[in-house]
Each structure stands twice: as structure tokens, then as C-alpha cells.
Number of protein chains: 2
Amino acid sequence: MRADAKEPRSRRERPAKPALTRAGIVAAAVEVMRSEGLERVTMRRLAQELDTGPASLYVYVANTAELHAAILDELLGAVDLSAGRAGGDWRDRLLGVLTSYIEVLFEHPALARSALVARPSGDHYLDLVEAVLALLAEGGVAPARAAWGVDLLLLFATSTAAEQSTRDQDAGAQDDWDALTGVLRAASADRHPHIAALGDTLLSGTGPARLTWGFQALISGLLATPVPDTTGPPGRRS
Amino acid sequence: MRADAKEPRSRRERPAKPALTRAGIVAAAVEVMRSEGLERVTMRRLAQELDTGPASLYVYVANTAELHAAILDELLGAVDLSAGRAGGDWRDRLLGVLTSYIEVLFEHPALARSALVARPSGDHYLDLVEAVLALLAEGGVAPARAAWGVDLLLLFATSTAAEQSTRDQDAGAQDDWDALTGVLRAASADRHPHIAALGDTLLSGTGPARLTWGFQALISGLLATPVPDTTGPPGRRS
DNA sequence: ACCTGAACACCGTTCAAGT
DNA sequence: ACCTGAACACCGTTCAAGT
């Protein structure tokens, strides 16, 4: 399929060149991402895939960031929200939903990073927010606190994925990681006594164990921390 | 200064073209970032600034990501670690250090994002980790928990900056934000009852208030959440 | 209204050749 | 050893012109 994509494509090979639509563009983008990675989902590459010029895409998509956001929302359809409606403790079910969210992001590395930049606002993202809010409400978390808590939980999940994700795919990311572990292990007891004392403990634990611990700490933390009284005005984030 | 940079530069104008060094390259990179933003800190732009060709830089810097990481560590020198040694409750002092860290990141937007990708491992970053660990130790947090906690706290700070940062600079980022707020406000009571019920509460609070709340929740959370027993092996993150 | 060719203004990285 | 010219293989986005 990839070899095929490199050959110049004549009209005859694809007789029914489909009309451009936003949905068609996003679908093609998802396809290219699955086969070649998000870094290949460029306006030019996509135009080539759709047998047109890059300028044509701008009729349907404002820019590359918006395109990536659309891909993300598409993929968020795979988040297993039913985990929230299963039996058991609400905390465990919340953990299940968040874990499903992070698994989707882990599968598609670079996408988590673009989610931090271009905030998603599609239907599937809203469904996720709704599911988390429902679980927090079930757990008796006060509305204002739940409102801030959902942000905290999703930010943690998204940024953990953004951070971890690179390591698998990117060549240089593993080097960075190795550099960091090396430097932590070599910390001088003079300048960095606590780092030196902890040694390998700083690097201990598997990814999943740390992740679960993080989610649990966050849930406990938001249960324990009241939001300030002055939450009245619709306030914008600075 | 920028107009000047666009003019072709003859040898005579810069008679003592300094020898290339890694430190010199990083210093020039910081300068370009301050005046033109991180997105202009490219190998080619930097080579132009240093009056050479892009290939020359690869003798001292492995790639663009490494260059950005070096810039970040340089800037982390401005983090006010003395906040950790002042008087008062250890939690407040920890908050002070973390706030100083995030302020540095807020000043230089895109850098927080690259910190998520290319993990920093410079001296200044180690100093920061050391300072946070010292405060956690002072608060009586057990070593294993402090080891995981420092990651949690710094990840939250870094990703919050990465997320917020775009809004100020990037044109499209504000649009994304507007799209998200619009969509939250317009949520249907049928499909998204909790979102609809919360309304503006979801968007309530100023940036600093949310940030402080987040830090406080994290600290309370890590105090309340024991790490699993199986933390023995040096384990690698999956 | 929708689509596009062509252009503008860039990128990172490599490599053979020079000093 | 260090430095570089030139090339390879790309980018996003705009705009005037076409249908």
C-alpha cells in the first residue's frame, strides 16, 4: 500500500475520484496517520493522497493544527466509556475510563502532544468529559470541584501520553531518556544529595504502576482540596 | 536589530567572527528565541545568525530537539530555588518553587512543549528536582513516594504551561479555546447533562487560582497515596 | 462556490569535499 | 578535526486565475 502510494497515479487508476469533503479529508488523514504516523499527515501529503493540490484542502480545513484536532476527535470514538457504567466502586470505574483514554493516546503518539496545543472540542471529547463528570458526581464531588477536577485528570492523562509516547517511536527520545537516567544515577552527593540518596528509586516502578498511582493521587487530591470561594465570575484563564 | 539581521552581512561588518562553540550556539539560540520566538530557532536561522552554514552546527548539536533542550536548561537558571529555603510551611515553599518554575515556562511558551518531548537533563533541571525532593523530604514524604511525586508535580507544571502558553502567542490557539468554551456552553442537556448543568462553572476561576488549587491537590494526593510495595527493581517505563 | 497551479518563503539533515 | 557548499527531500500557506 505504501509502495503503491509512491507511484504517480493516473486518473485511470482511480476512476471515481471522490468529491472533496471535510469528512473525506479527515478519513484520509486518519488512514495516512495509521500507516505512516502523524508527522506524515501534512497538507501536501494529504493532497497527494486525495489526488489534488494542497490549496484545495484549505476550503475545508483552516490549517494543519485543526486537521490534527479533527483526527484526535475521530480516534476518541474508541474510548471505552462503558467502563464508567460497569459495576464496582466509582473510583475504579473512573480509573477505567481514564485508562481507556490514555490507551488511545498511547497508540497514536504524537497526537497527545497536539491535543495539548490545539484543545479538542469535538463530540467524542465532550462525551469523555461528560463521562468523567458523571463519575465525579456519583462520587459526591461538589460541582465546582468536579469542574476543575476533570481538567486536572484529563491534563494528567494527556501529558503523560505526550511524554511517554515519544520514547517508542522517536529515535532521539530514547537518547534523551538515557541521558536523564545516566545523569540521575551520576548525581553528585554534594550538589544533589537527595537525588544521589534516592538513586534508582527515582526510576523505579513500571509505567502502568506509576500511571495508576498518579490517577489515584489525583483523585484523592481533588477530594481533599476545596476550591476557593471566589469562583463566581465566569473568569477567563489568564 | 531584526532589520539589521536581514541585510547580507559581509566579513567586514563582523570582523571578529567568533569561533563556533556549543556554548556560543546556545547563547545565540537564546537570543533569537527572546527576540523572535522559539519557532524561529531553526538550524538555518541560527547558522545565518552565526554567519555560517547549517551543516556547521551539527558538529556541536545533534539535532534541533537537543538544541531546544539546551535552551530550556539555560532558562531554568532563572528559577527561584531560594523560595524553598525561606521561612514558613514546607508546602507553601514547595508551592513557591513550583510557581517560579512555571513562571519561567510561561514566559517562553513553546519551550514547555518541547520539554515534554525532549526530557531536560541539564544542571539547572537537576537543581530543580533536588529542591523539590528536599522539600518533600522535609515534609516527611517517604522516599519512594517523593521519587514519584516529583515527577507528578513537575509534569503538571510543565503541561499546564504547555497548554496555556499557546493561547497568548498563537493566533489559532485562541480560536480553539473559543471553540471549546462555545461548545461547552452549548452542550445539550440530553447528551451531556452534566456539562450542561455545570455551565460556566466548568470555565470558572482565574488561571492562577486553578494552578494553585492544582498544586495543592497534587501535594495532598501524593501525601495520601502510598506507592505499591513492588517498587524494588530499577524497572523501566514501558 | 469550489478548485487549483504556481509561487513564496521557508524547513532538517547529510555528505563529499575542502582547510 | 573542524568546517562548509550544495544538494535532497521535504514543509505551510496564499493568491490569482480558472471552471
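Owing to the predicted nature of the structure, the values given are computational and were not obtained by experimental measurement. Within every chain, numbering begins at 1; the chains are lettered A, B, ... in the order of the sequence lines, protein sequences first and strands thereafter. Note: hydrogens, waters and symmetry copies are ignored here, and every other heavy atom, side chains too, is used.
- Residues B:Y125 and B:L154 have side chains in contact (heavy-atom distance under 4.5 Å, counting atoms from C-beta outward).
- One interatomic measurement links the two molecules: CG of B:L57 to C1' of D:dT4, which rounds to 11 Å at whole-angstrom precision.
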Nucleotides 12-19 of chain C: protein proximity per nucleotide (B base, S sugar-phosphate only, - neither; heavy atom, under 4.0 Å): BBBB----

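- As a whole-Å value, the separation of B:D51 CG from D:dG5 C1' is 14 Å.
- Among the duplex regions that DNA chain D forms, those built from at least three successive Watson-Crick or G-U pairs under 3.5 Å are C:4-8 with D:12-16, C:12-16 with D:4-8, ordered by first number.
- Looking at residues two or more places apart in sequence or on another chain, you find a side chain to side chain contact (heavy atoms under 4.5 Å, CB included) between B:E74 and B:V26, B:V30.
- With sequence neighbours excluded, the residues forming a salt bridge (charged side-chain N to carboxylate O under 4.0 Å, His left out) with B:E66 are B:R22, listed by chain and number.
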Does the salt bridge (Lys or Arg N to Asp or Glu O under 4.0 Å) test come out yes or no for A:R119 and B:E163, once each step is laid out? CA-CA 8 Å; A:R119 306 273 314 218; B:E163 199 193 39; 2.6 Å; yes

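- Between the CZ atom of B:R22 and the C1' atom of D:dC3 there is a distance of 18 Å, rounded to whole Å.
- Counting heavy atoms from C-beta on, the side chains of A:H108 and A:R34 come closer than 4.5 Å.
- When the ring pair (Phe, Tyr, Trp, His ring centres under 6.0 Å) test is applied to A:F215, the partners found at least two apart in sequence or on another chain are A:F156.
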Hey, can you pull the donor-acceptor pairs under 3.5 Å for the side chains in residues 75-82 of chain B, sequence neighbours left out?
{"from": "B:D80", "atom 1": "OD1", "to": "B:S82", "atom 2": "N", "distance (Å)": "3.2"}
{"from": "B:D80", "atom 1": "OD1", "to": "B:S82", "atom 2": "OG", "distance (Å)": "2.5"}

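- When the P atom is used for both C:dC10 and D:dA9, the distance is 23 Å, rounded to whole Å.
- Here C:dC11 is the nucleotide among C:dC11, C:dC3, D:dT4 with the atom lying nearest to any side-chain atom of B:R40.
- Salt-bridge formation is detected for the pair B:R45/B:E36: a Lys NZ or Arg NE/NH1/NH2 atom is positioned less than 4.0 Å from an Asp or Glu carboxylate oxygen.
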